Amino acid sequence: MFLELTRPELVRTQNLIDGKWTDAAEGARYPVANPANGERFVDAANSTSADARAATDAAARALPGWRATLPRERAAILRRWHALILANLEDLARIMSTEQGKPLVESRGEVRYGASYVEWFAEEGPRVYGDIIPQQQRGKRMIAVKEPIGIVAAITPWNFPLAMIARKIAPALAVGCTVVAKPAEDTPLTALALALLAQEAGLPDGVLNMISASRDAGVAAVADWLADARVRKITFTGSTPVGKHLARESAGTLKKLSLELGGNAPFIVFDDADIDAAIAGLMASKFRNGGQTCVCPNRVYVQSGVYDAFARRLAERVSSLKVGPATDDSVLIGPMINARAVDKIARHVDDALSHGARVLTGGRRLTELGPNFYAPTVLVDASEKMVVCCEETFGPVVPLFRFEREEDAIRAANDTPFGLAAYFYTRDARRIHRVSSQLEAGVIGANEGAVASEAAPFGGVKESGYGREGSRYGLDDYLSVKYVCEGGLD
Ligand code: SIN
């Protein structure tokens, strides 16, 4: 066995369709690699459109029964699922660290974070209220009822193998939708383990169906869902180009979409900020998952009065981060997900250096640790000419841009097609309100770097997508509003 687990049977390498664990229709498999050494450690089902179709068939059969269950009956299953996720926390964390590379301490945190969405939606599901509209005409009564939208296709990324799929599936199930899901090709195992626990929690057959696939095969599988009129909603977290592709291709059947896409988040430090708090906030938000997070600050703007001191103190903190394989308990930064990711980081740093940036710490691959490691890096004298300014690096690199006036920082922060998260640090209460309202982002951290919570609405504006996950708003994307007009009542 490739890793020590209390319950080795949590490692599933087949699809879950209609309550049965099955091989891909064509019998194909693809290798899943450990990013710490680049070596394949397991083969997973390589699904194609036939498997996607079988999953949709199962979800369609299960839908009438599931939507007819009482919200509290669905909530009871979600609560059991939540308890099972926590009971298997250590195994799930080990599976996650092995396939994704994040340090164990973070994987354990992600299991709790993902489980919190399941608990939250178990609680919110029974509170989906409609409206009785105040009477407008004699003899008529107007009612707005919220109904499950139908079959939901959930397509999830590799950077949060448990939390992203949990926060899509849980609200869908809570309101009575059935689900077909495909986790990212790099990290299918955590999601499949989660599906097994949902089964153990008593979820009826066909309500949740999950298939795994390699990058190429996955495109064909998802194409089947995009074209299938029975799938009424796509929920996706990932890159903006893929989000646009899903929007275009699902237009033929006019599906509802929620898209949580690229970020390029700004992080602004004003002269009047509490510098210790700003550094702590930046460390927490930037280096979570080694910088491979959509809400990670990508561009750090520091006002000129504190620029040099901030850069020096930040570099001291960053140079002390321990890098290594995720399964070592003392490590804070693991490997990047794959070779493509490290190549992109190296390209961004090289480009910044060629345009005048200087390295305060890091700035190199750590090949002595393995193929996919990159040193946590601080760059000073960053400018708008650099790729780090307009593309998400998705790695442990902090470029520091200098600014003079508040309006310059806001203009630069908003000068991007993206708008997922934005952060700023200041002690001025009036500035907190002013800057919060001017930043073009769906999530704002004002003197705070850790913004994620199951109780808060998460999602972007502009080309970072639409739809909200978490909170009471997170149910709306899985519901449609039906208007019932009762006549002849006089
Ligand atoms: C993401 O990177 O897309 C999700 C981050 C989070 O939930 O905090």
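Model, not experiment: these values are computed from the prediction. For ligands, and for the atoms within them, numbers begin at 1 and follow the listed sequence.
Residues I432 and T426 have side chains in contact (heavy-atom distance under 4.5 Å, counting atoms from C-beta outward).
Of all heavy-atom pairs spanning P171 and F121, the tightest one is CD-CD1, 3.5 Å.
With values rounded to the nearest 0.5 angstrom, K255 atom NZ is found 11.0 Å from L246 atom CG.
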Check: every ligand 1 N/O to protein N/O pair under 3.5 Å:
residue  : atom  : partner : partner atom : Å
ligand 1 : 2 (O) : N159    : ND2          : 3.4
ligand 1 : 2 (O) : C294    : N            : 2.7
ligand 1 : 3 (O) : E260    : OE1          : 2.9
ligand 1 : 3 (O) : E260    : OE2          : 3.4
ligand 1 : 7 (O) : Y113    : OH           : 2.6
ligand 1 : 7 (O) : R167    : NH1          : 2.9
ligand 1 : 8 (O) : R288    : NH1          : 2.9
ligand 1 : 8 (O) : R288    : NH2          : 3.0

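For residues 148-182, the pairs satisfying ring pair (Phe, Tyr, Trp, His ring centres under 6.0 Å) are W158-F394, with sequence neighbours left out.
Although no hydrogens or angles enter the test, the distance criterion places a donor-acceptor pair under 3.5 Å between the side chain of E110 and the main chain of L162.
Annotation: cation-pi pair K146/Y129 absent, no NZ/CZ under 6.0 Å from the ring centroid and within 45° of its normal.
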